[in-house]
Amino acid sequence: MLCTAVSVLSFSTSLYAEDQSGKQTFATCSACHLATGEGIPGAFPPLTKLPDIFEQEGGKQYLISVVLQGLSGPITSQGNAFSGYMQAFGPSLSDSEIASVLNYVLTNVAKPSLDDSSPISENDVSIVRAKIAQGALAKSHTLRKALTAP
Ligand code: HEC
């Protein structure tokens with residue numbers, strides 16, 4: 001009984017910790033994409049419809065790729081055109097920070113948000129990071145062309 005209570009407690013503590021770190025890392029993203037994730041038409045695309053991308057085949061890999069290796073080239077999102085440049089955060093953020101920030105966006109910032117509390121794992125990020133290091137992954141812009149953009 002005591003054992004169960006202790007493990008439940010530590011489980012909820014670790015979920016809380018992950019959520020907090022995703023929220024903290026999101027401060028970096030919200031400088032451009034705004035705290036609401038709505039972005040600025042013509043400058044920074046919205047992050048509110050990322051669950052629509054996540055749910056597609058290759059969508060999870062694409063989202064991880066954007067944070068790890070950045071994104072540049074013309075895209076459209078929710079009817080607005082963007083031709084900007086987002087830097088690569090692979091050198092400055094850990095796999096765990098990248099998983100947490102994407103989970104925070106998918107479950108807290110997106111509208112409607114995903115129900116799954118941690119759709120992206122640290123391991124998912126490390127797999128994509130390794131592919132990039134081996135030169136085995138296309139640029140984010142190429143990956144996006146294979147998806148139906150929201
Ligand atoms: C300095 C500004 C800036 C910061 C900081 C920034 N981004 Fe971006 N982001 C952009 C721009 C600009 C684009 C679009 C690039 C283009 O037009 O090709 C973009 C695109 C994206 C996309 C692709 C959206 C789509 O519709 O395919 C995602 C996902 C994303 N950013 C997530 C993040 C996350 C997560 C962070 C924080 C770790 C972040 N961004 C930080 C400027 C920024």
Side-chain angles (χ1 to χ4, degrees), residues 11-150:
F11 179 64
S12 57
T13 308
S14 71
L15 276 185
Y16 179 73
E18 183 176 9
D19 191 46
Q20 284 303 97
S21 93
K23 191 176 181 178
Q24 275 164 19
T25 306
F26 187 66
T28 311
C29 321
S30 61
C32 294
H33 295 283
L34 305 189
T36 56
E38 281 165 12
I40 299 176
F44 308 115
L47 303 181
T48 47
K49 299 297 171 203
L50 294 190
D52 293 350
I53 292 182
F54 175 82
E55 279 160 1
Q56 294 172 48
E57 173 93 44
K60 182 195 274 194
Q61 173 168 265
Y62 167 72
L63 296 181
I64 296 170
S65 164
V66 170
V67 181
L68 280 171
Q69 53 177 354
L71 174 68
S72 62
I75 64 168
T76 46
S77 177
Q78 294 187 263
N80 292 308
F82 298 87
S83 195
Y85 163 85
M86 175 173 148
Q87 74 174 84
F89 285 91
S92 57
L93 296 178
S94 69
D95 294 350
S96 142
E97 286 169 322
I98 292 173
S100 297
V101 76
L102 285 172
N103 286 335
Y104 179 75
V105 171
L106 291 166
T107 63
N108 283 273
V109 176
K111 290 189 190 81
S113 58
L114 282 186
D115 287 336
D116 186 344
S117 66
S118 46
I120 295 179
S121 70
E122 186 177 342
N123 193 45
D124 290 332
V125 180
S126 94
I127 290 168
V128 179
R129 195 189 282 274
K131 276 196 196 172
I132 294 165
Q134 290 158 12
L137 193 71
K139 297 279 173 223
S140 303
H141 191 255
T142 307
L143 297 177
R144 195 184 197 274
K145 282 190 218 149
L147 299 164
T148 308

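Just follow the structure's listing: the first ligand is 1, and inside any ligand the first atom is 1.
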Spacing of CG belonging to L106 relative to OG1 belonging to T48, to within rounding of 0.5 Å: 11.5 Å
Short side-chain to backbone donor-acceptor contact, S30 and A27, under 3.5 Å: yes
Residue portion contacting ligand 1 (non-hydrogen atoms closer than 4.0 Å) for I98: neither
Heavy-atom donor-acceptor pair, K49 side chain to K111 backbone, under 3.5 Å: yes
Least distance between heavy atoms, A88 atom then L68 atom: CB-O, 3.2 Å
T76 side-chain N/O to G79 backbone N/O, donor-acceptor pair under 3.5 Å: no
Numbered atoms and elements of ligand 1 in range of R144, under 4.0 angstrom, heavy atoms: 25 (C), 26 (O), 27 (O)
Atom pair OG/CD1 of S77 and I53 - distance to nearest 0.5 Å: 7.0 Å
Between S100 and N103: side-chain donor-acceptor atoms closer than 3.5 Å: no
Side chain Q69, main chain A138, donor-acceptor under 3.5 Å: yes
Region of V67 that comes within reach of ligand 1 [heavy atoms, distance under 4.0 Å]: side chain
Rounded to 10 degrees, the angle SD of M86 makes with NE2 of H33 at atom 8 (Fe) of ligand 1: 180°
Nearest-0.5 Å distance, CG of residue L63 to CG of residue L50: 5.5 Å
Nearest protein heavy atom with distance in Å, relative to atom 2 (C) of ligand 1: C32 SG, 1.9 Å
Main-chain N/O of N108 paired with S113 side-chain donor or acceptor, under 3.5 Å: no
Identity and distance of the protein heavy atom lying nearest atom 22 (C) of ligand 1: V66 CG1, 3.6 Å
Sub-4.0 Å heavy-atom approach of A31 to ligand 1: no
Those atoms of ligand 1 less than 4.0 Å from some heavy atom in T28: 5 (C)
Nearest-neighbour protein heavy atom for atom 17 (O) of ligand 1, which is reported as residue plus atom name and distance: G84 N, 2.8 Å
Side-chain donor or acceptor of S65 paired with backbone N/O of Q61 under 3.5 Å: no
Contact atoms of ligand 1, heavy-atom distance to P45 under 4.0 Å: 11 (C), 13 (C), 14 (C), 19 (C), 20 (C)
Close approach of Y62 to ligand 1, heavy atoms, under 4.0 angstrom: yes
Atoms of ligand 1 close to F44 [distance to a heavy atom under 4.0 angstrom, numbered from 1]: 2 (C), 12 (C), 42 (C)
Nearest-neighbour protein heavy atom for atom 38 (C) of ligand 1, which is reported as residue plus atom name and distance: C29 SG, 2.8 Å
Interatomic spacing from CG in L71 to CZ in R144 - rounded to 0.5 Å: 7.5 Å
Atom indices of ligand 1, in the order listed, that fall short of 4.0 Å to a heavy atom of L47: 28 (C), 30 (C), 32 (C)
Ligand 1 to G73 polar contact by distance, N or O atoms, under 3.5 Å: yes
Closest protein heavy atom (residue, atom, distance) for atom 29 (C) of ligand 1: L50 CD1, 3.7 Å
Subset of ligand 1 atoms that lie under 4.0 Å from at least one heavy atom of S83: 17 (O)
Close-contact set for ligand 1 against F89 heavy atoms, below 4.0 Å: 5 (C), 41 (C)
Atom indices of ligand 1, in the order listed, that fall short of 4.0 Å to a heavy atom of A43: 12 (C)
